[in-house]
Every structure is written in C-alpha cells, then in structure tokens.
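Here is the structure we will look at.
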Amino acid sequence: MKRIAVLGATGSIGSQALEIIDANPELDACALASGSNELDRLASERGIEHAQVGGDLVALLDRAEPDVVLNAVVGFAGLPATLWALERGVTLALANKESLVAAGELALTARERGGGLLLPVDSEHSALFQCLEARAPETVHSVVLTASGGPFRGRTRERLADVTRADALAHPTWRMGPKITVDSATLANKGLELIEAHFLFGLPYEQIEVVVHPTSVVHAIARFRDGAALAHLGHPDMRVPISFALTYPERALTPVEPLDFADGLTLEFEPPDLETFPLLGLARRAGESGGTHPCAFNAANEVAVAAFLAGRLPFLGIAGVVEEALAAAGGAAAPDLDALIEADAEARLLAERALGTLVT
Ligand SMILES: NC(=O)c1ccc[n+]([C@@H]2O[C@H](COP(=O)([O-])OP(=O)(O)OC[C@H]3O[C@@H](n4cnc5c(N)ncnc54)[C@H](OP(=O)(O)O)[C@@H]3O)[C@@H](O)[C@H]2O)c1
C-alpha cells in the first residue's frame with residue numbers, strides 16, 4: 001500500500017488524483033492540504049487523519065510521513081513540500097512546476113542528497129520521462145514539448161487587446177485551474193515547462209524545442225542521434241500522467257480509453273508565434289541566463305496573472321509586467337533557500353511596481 005499526501009487536494013489535479021487513489025486498492029491518501037477551501041468532507045469520507053487548510057506544509061508532511069508526496073499546489077507556495085520530499089528521498093509526484101522552475105538547482109541538490117524518485121505529473125514531462133527512460137544521455141538529440149496554443153492560437157496582438165478573463169479561461173483541450181489556464185493562453189506555461197524540462201532531464205535549452213500541436217494528442221517527442229523519434233500519444237486527460245506517477249513503475253488501469261487511430265486522427269504541428277506570445281521567449285532567456293532569473297520569471301508571472309484574474313491588468317499587460325520585472329531583477333544565483341525566497345520577493349516587488357505603471 002502506498003500512502004500518498006495529496007497537496008492541493010481541492011484543485012483540478014488534486015481532485016483527479018483522489019479519483020485515481022479511490023479506484024486503486026493499492027493506493028491510500030494519508031494527508032490532504034488546501035489553501036483556503038475546507039477539506040472536512042474530503043477527509044471524513046476517506047477517514048483521513050491529516051488534513052490541513054493553509055499553514056505549514058512541512059509540518060503536515062512531518063506528521064503524516066507519506067510514501068509519496070503528490071505536489072499539486074499552485075505556485076511558489078508548493079516549494080517547501082517539493083524540497084521536503086526531495087531531501088528525504090520520499091517519492092515526489094510533481095505537478096507544481098513552479099517550485100522546480102524557481103528552485104531548480106536547490107531542488108536537484110536536494111534530490112541528490114535524498115536519492116528518491118522525482119516523477120513528473122505534467123503531461124509533457126511524464127511523456128518525456130517515458131520516452132527517455134533508460135536511454136543514455138549522449139544518444140538524445142533533442143526533445144520536443146507540444147503546446148495546444150491555448151484559446152488565442154492564430155490571433156494577432158491587436159486581437160488580444162481586449163480579451164477578457166472568461167475568454168482566457170476557455171481552454172480548448174484541457175480543464176485546469178485558473179492560473180495554469182491563463183498561463184496556457186499566454187504561452188507562459190510552455191515557458192515554465194521548458195525550464196522544468198531543463199532541470200528534470202538535464203538537457204541544455206538548445207536541445208528543447210516547443211511546437212504547437214492544437215489537439216494535444218502528442219504530449220512530447222524525444223529525438224535520438226540515430227534519426228529515430230519516439231512520441232507519447234494519448235487523449236488529453238491528466239488522469240493518465242497522475243496515475244503513471246502514483247503507480248510507477250506499474251501501469252495501472254485508468255478510466256481513459258486508448259486512442260482510436262482509425263477514427264480520423266490527424267496530427268498537426270506548427271511553430272509557436274513568439275511575437276504575439278512573448279512570454280515563451282522571455283522564459284527561454286530567463287532559463288538560459290540561469291541563477292535566479294527563472295525564479296524571477298515565475299514570481300513576476302504569478303503577480304501578473306493574479307492581477308489579470310482580478311481584472312487589474314489587461315491580457316497583453318501580463319508579458320509587459322514580466323518583461324519589466326525581469327529586466328530589473330538581480331538574477332544572481334541563490335546559494336540557499338533564504339536567498340531564493342529573497343529573490344522571489346524582490347521579483348514580486350518589481351512586478352508590483354511594473355503593475356503600477358500598466359494597470360487599467
Ligand atoms: N490542472 C492541470 O491539468 C495541470 C496540468 C499540469 C500541471 N499542473 C500544475 O499543477 C499545479 C496545480 O494546478 P491545478 O490546475 O490543479 O490548480 P488549482 O485547480 O487552482 O488547484 C490548486 C490547489 O492548490 C491549493 N493551494 C493553493 N495555495 C496553497 C497553499 N499555500 N497551501 C496548500 N494548498 C494550496 C488550492 O487550494 P484551495 O482550493 O483552497 O485554493 C488547490 O487545492 C500547478 O502548479 C499547475 O501548473 C496542472
């Protein structure tokens with residue numbers, strides 16, 4: 001029996017994870033955490049002793065002693081849980097990409113010390129993990145992350161000037177929480193995933209490509225030096241990568257049907273429009289600059305997306321805020337968690353300042 005701490009249990013990933021756990025007798029939820037929504041019903045239905053709304057995730061994990069931490073918290077707030085699992089060698093099923101983007105080096109050092117498994121839940125990274133598993137690094141030519149393109153694919157900047165919160169939240173292929181849905185509409189999500197892939201698979205940025213693939217059937221592709229390419233395909237349904245991470249190395253039954261290739265399946269790919277969606281390029285530059293630039297990218301993006309969702313910033317202002325904050329951020333590498341938290345706070349302040357000049 002695997003005892004799983006489900007952090008972010010009330011969210012999109014968290015609730016799908018509970019569905020997977022409930023259907024599998026070898027999985028057991030031993031702890032639940034949320035930000036502000038009540039957990040009483042979720043916990044009492046399952047007889048879960050450790051449930052916490054807000055507060056210190058580390059204290060919860062210390063009490064619950066899980067075998068697996070499913071980190072499905074949204075944003076930088078998930079970082080203590082990521083580091084807790086990696087330091088202790090407790091298997092980390094990671095949906096909370098922001099923690100790895102912000103603290104990549106610290107996280108990898110913690111993983112080295114802890115020696116546990118880091119299993120990506122993000123569908124593209126789960127796909128790459130499977131395509132790359134047991135391959136010698138020198139045989140890998142490059143990898144390709146696919147992006148749906150979001151609800152505004154094909155639009156010009158002019159046609160994005162007055163898009164609303166509701167427009168941005170209408171994602172064509174994935175049903176997700178509001179922050180990642182806006183990130184998908186701006187392509188910041190693919191930028192975060194680019195940095196996430198760099199840290200997860202130890203690949204330099206020039207070996208990580210992003211292509212737009214509107215139907216989200218191909219989740220990622222690994223190219224090898226012999227000219228072969230391996231792709232991972234499936235319906236866009238997060239229960240598949242969640243189940244993979246929670247049951248690894250087994251492959252458990254899920255309610256998701258395999259693809260029907262005789263049913264008119266077409267696979268289309270196109271390059272991303274970096275001019276209309278500048279956050280993908282900004283993320284790549286932040287990743288390549290290293291140090292705490294990825295942390296600053298993430299922090300500024302969190303501030304800008306929250307402002308957009310609150311109606312304080314137009315859609316195109318999100319990239320403006322991130323660009324301005326990144327240009328002013330120090331970016332020096334963080335030797336420890338305190339320095340990283342400081343870099344995150346600095347970038348948030350810079351983003352708030354940029355917001356002051358851009359708010360509607
Ligand atoms: N949704 C997807 O399909 C998908 C796919 C790939 C990756 N991801 C990643 O998975 C993470 C979660 O995404 P989501 O779509 O599930 O988001 P979501 O639906 O907004 O859920 C976020 C969860 O985090 C909880 N939370 C927020 N702040 C917290 C805190 N300080 N302490 C503890 N819990 C906190 C929320 O609790 P409340 O309900 O109380 O606010 C909620 O349970 C994100 O990093 C996202 O990028 C999501």
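Atoms within each ligand, like the ligands themselves, are counted from 1 in listed order.
- The A77 neighbourhood of ligand 1 comprises atoms 31 (N), with distances under 4.0 Å to a heavy atom of that residue.
- Of all protein heavy atoms, the one closest to atom 32 (N) of ligand 1 is S34 O, 3.8 Å.
- Ranking protein heavy atoms by distance to atom 27 (C) of ligand 1, first place goes to V74 CG1, 3.9 Å.
- Under 4.0 Å is where a charged nitrogen must lie from a carboxylate oxygen, and between R157 and E275 no such pair does.
- On a distance-only criterion, S36 and ligand 1 share at least one N/O pair closer than 3.5 Å.
- Under 4.0 Å from ligand 1, the heavy atoms of I180 that appear belong solely to its side chain.
- Ligand 1 places these atoms under 4.0 Å from at least one heavy atom of D122: 6 (C), 7 (C).
- Among the atoms of M238, none of the N or O lies under 3.5 angstrom from an N or O of ligand 1.
- For atom 19 (O) of ligand 1, the closest heavy atom belonging to the protein is S12 N, 2.9 Å.
- Distance from atom 12 (C) of ligand 1 to its nearest protein heavy atom, with residue and atom name: A72 O, 3.3 Å.
- Panel note: side chain H213, backbone V218; a donor-acceptor pair is recorded below 3.5 Å.
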#### Entry: side chain to side chain contact (heavy atoms under 4.5 Å, CB included) between V90 and L92, worked out
CA-CA 6 Å; V90 172; L92 175 63; over 6 Å; no
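- Here's the thing with Q16: none of its N/O atoms is less than 3.5 angstrom from an N/O atom of ligand 1.
- With respect to K190 and E124, a salt bridge is recorded, a charged nitrogen being found less than 4.0 Å from a carboxylate O.
- When only interatomic distances are considered, the shortest N/O to N/O separation between G35 and ligand 1 falls below 3.5 Å.
- With salt bridges taken as basic N to acidic carboxylate O contacts below 4.0 Å, one links E302 and R348.
- Using a cut-off of 4.0 Å between Lys/Arg side-chain N and Asp/Glu carboxylate O, E288 and R285 are scored as not salt-bridged.
- No more than 12 heavy-atom neighbours from other residues, nucleotides or ligands sit within 6.0 angstrom of CD on E26.
- Nearest non-hydrogen protein atom to atom 21 (O) of ligand 1 is G11 CA, 3.2 Å.
- Here the heavy atom of the protein found nearest to atom 9 (C) of ligand 1 is A95 O, 3.1 Å.
- The nearest protein atom to atom 17 (O) of ligand 1, hydrogens excluded, is given as G177 CA, 3.9 Å; this is a heavy-atom distance.
- For ligand 1, the atoms closer than 4.0 angstrom to any heavy atom of A9 are 43 (O).
- Contacts of E98 with ligand 1, taken as heavy-atom pairs under 4.0 Å, involve the side chain alone.
- Of all protein heavy atoms, the one lying nearest to atom 43 (O) of ligand 1 is T10 OG1, 2.6 Å.
- The shortest heavy-atom contact between E196 and H125 is OE1-CE1, 3.1 Å.
- Between F308 and F315, the ring-plane angle classifies as perpendicular under the 30° and 60° cut-offs.
- Looking at G75 next to ligand 1, no N or O pair under 3.5 Å apart turns up.
- Considering backbone and side-chain N/O atoms, I13 comes within less than 3.5 Å of an N/O atom of ligand 1.
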### Task
Let me see the working for K97 and N298 under side chain to side chain donor-acceptor pair (under 3.5 Å), right down to the final yes or no.
CA-CA 10 Å; K97 65 191 92 186; N298 176 66; over 6 Å; no
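- Counting the atoms of ligand 1 from 1 in the order shown, those under 4.0 Å from a heavy atom of M176 are 1 (N), 2 (C), 3 (O), 15 (O).
- Using the six-membered ring where Trp is involved, H232 and H219 have ring planes that are tilted, between 30° and 60° apart.
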